Amino acid sequence: SFSFVLALVLAPVLVVAGCGGGPARLAVSPEASELRLRASARSVVVGDIDLPDYADASEVVRETPEGLIETVGDIIWADVPSDAMSNALVRNLGEITGANVAAAPWPLDGFPDAELTVRVERMLVRVDGQLHMTGQFAVRRENGPWAERLRSFDIRVPVAGEGLLPLADAHAVAWRQLAEEIAPNL
């Protein structure tokens, strides 16, 4: 019958329509730096940004009082965290130093003066209400007064308030602070 055929045709449409929406997405807004300094490198490529699996996943996470890592509600990051962090470093390092800074692969002719690699050991909102971000960064140069630098970082940013926006803001502040630590090493 016509109504049976119509039901078969409309059923998949109604199922797909009912699946709309999905989890909400949380974006990290840029946090501009006021620091300005001259770097010896005129061009820098931001290479690998290596995050722990839990920190680079799409789910927003935090530490529980038991020391476990749990997801925060039905919310995901608007961008892949390593990409968002790379973009923040590119933006801030360029503004701080005045150098040409870009994410890998290098988009300009020739080679950059320096290459930056960041390895994050921990990036997690802990039960103390702070975002803890620890790890190392490496700067490699082909030419210049030095060839390689390897430095550790330990950044702690208070999550100023309840809810998700203060959590995203804490990430932006931590990424800005990391750029400020890296800039004098370029």
Side-chain angles (χ1 to χ4, degrees), residues 25-58 60-61 76-125 130-160 164-186:
R25 295 180 177 265
L26 180 62
V28 176
S29 297
E31 169 81 17
S33 176
E34 299 297 321
L35 179 65
R36 298 293 181 265
L37 55 83
R38 184 173 171 81
S40 60
R42 294 182 322 242
S43 57
V44 179
V45 65
V46 176
D48 291 337
I49 304 290
D50 187 33
L51 300 177
D53 286 344
Y54 67 84
D56 205 28
S58 59
V60 178
V61 297
I76 61 174
W77 291 112
D79 197 1
V80 175
S82 56
D83 291 345
M85 184 176 179
S86 177
N87 292 335
L89 289 174
V90 165
R91 180 184 318 101
N92 277 311
L93 290 171
E95 289 174 1
I96 292 168
T97 65
N100 288 325
V101 183
W106 184 245
L108 304 177
D109 286 338
F111 297 100
D113 293 338
E115 178 182 0
L116 170 67
T117 302
V118 178
R119 303 276 185 249
V120 177
E121 174 186 43
R122 175 177 294 272
M123 188 168 70
L124 183 64
V125 175
Q130 295 188 74
L131 173 65
H132 292 245
M133 187 172 75
T134 60
Q136 290 183 321
F137 65 87
V139 180
R140 185 175 60 85
R141 296 183 62 153
E142 294 296 325
N143 300 311
W146 48 269
E148 297 175 332
R149 290 190 176 164
L150 183 64
R151 303 283 189 268
S152 295
F153 59 88
D154 185 353
I155 296 171
R156 295 164 195 237
V157 177
V159 178
L164 296 170
L165 289 179
L167 188 141
D169 291 344
H171 280 78
V173 170
W175 297 345
R176 175 190 48 82
Q177 288 180 6
L178 179 58
E180 292 172 347
E181 286 189 30
I182 293 169
N185 293 284
L186 299 176

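Computed from a predicted structure; not experimentally measured. Note that the numbering runs from 1 along the sequence shown for the chain. These values consider heavy atoms only, across backbone and side chains, with no hydrogens, waters or symmetry-generated copies.
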Go through the steps for L178 and V118 under the test side chain to side chain contact (heavy atoms under 4.5 Å, CB included), then give the verdict. CA-CA 10 Å; L178 179 58; V118 178; 4.1 Å; yes
Decide salt bridge (charged side-chain N to carboxylate O under 4.0 Å, His left out) for E115 and R140; before the verdict, give the C-alpha distance in whole Å, the side-chain angles of both, and the deciding distance to 0.1 Å. CA-CA 5 Å; E115 178 182 0; R140 185 175 60 85; 2.4 Å; yes
I would like to know whether N100 and V44 meet side chain to side chain contact (heavy atoms under 4.5 Å, CB included); could you show each step before the answer? CA-CA 6 Å; N100 288 325; V44 179; over 6 Å; no
R141 and S40: side chain to side chain contact (heavy atoms under 4.5 Å, CB included), yes or no, with the steps? CA-CA 10 Å; R141 296 183 62 153; S40 60; 2.6 Å; yes
Apply side chain to side chain contact (heavy atoms under 4.5 Å, CB included) to residues L124 and Y54 and explain how you reach the verdict. CA-CA 9 Å; L124 183 64; Y54 67 84; 4.0 Å; yes
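Side-chain contact between D79 and V28: absent, with no pair of heavy atoms (C-beta onward) separated by less than 4.5 Å. A heavy-atom distance below 4.5 Å is not found between the side chains of V120 and D50. No side-chain heavy atom of R36 sits under 4.5 Å from any side-chain heavy atom of T97. Contact check for L150 versus Q136: side-chain heavy atoms found under the 4.5 Å cut-off.
A distance of 12.5 Å separates CG in L51 from CD in E121, rounded to the nearest 0.5 Å. From H132, atom NE2 reaches atom CD of Q130 across 5.0 Å, with rounding to the nearest 0.5 Å. Rounded to the nearest 0.5 angstrom, I155 CD1 and E180 CD are separated by 9.0 Å. Taken from CG in D48 to CZ in F137, the straight-line distance is 16.0 Å, to the nearest 0.5 Å. Atoms CG and CG, from N92 and N87 in turn, are 11.0 Å apart once rounded to the nearest 0.5 Å. From R176, atom CZ reaches atom CG of L89 across 12.0 Å, with rounding to the nearest 0.5 Å.
When all heavy atoms of M133 and F153 are compared, the pair lying nearest together is O-CD1, 3.7 Å. When all heavy atoms are compared, the tightest approach of A99 to A41 is CB-O, 3.6 Å. P112 and V45 get closest at one heavy-atom pair: CG-CG1, 3.6 Å. The nearest pair of heavy atoms linking A160 to P166 is O-CB, 3.4 Å. Pairing each heavy atom of W106 with each of G110, the nearest pair is CD1-O, 3.4 Å. Summarising the geometry of L164 relative to L26, their closest heavy-atom pair is O-CD2, 3.8 Å, with the distance given to 0.1 Å.
More than 12 heavy atoms of other residues, nucleotides or ligands lie within 6.0 Å of CZ in R151, so this atom counts as buried by the packing criterion.
Applying the side chain to side chain donor-acceptor pair (under 3.5 Å) test to S86 and every residue at least two apart in sequence or in another chain returns nothing.
Judged by distance alone, the side chains of D56 and S82 do bring a donor and an acceptor atom under 3.5 Å apart. Donor-acceptor pairing under 3.5 Å is lacking for the side chains of R156 and T134.
Screening residues 82-98 for salt bridge (Lys or Arg N to Asp or Glu O under 4.0 Å), with sequence neighbours left out, gives no hits.
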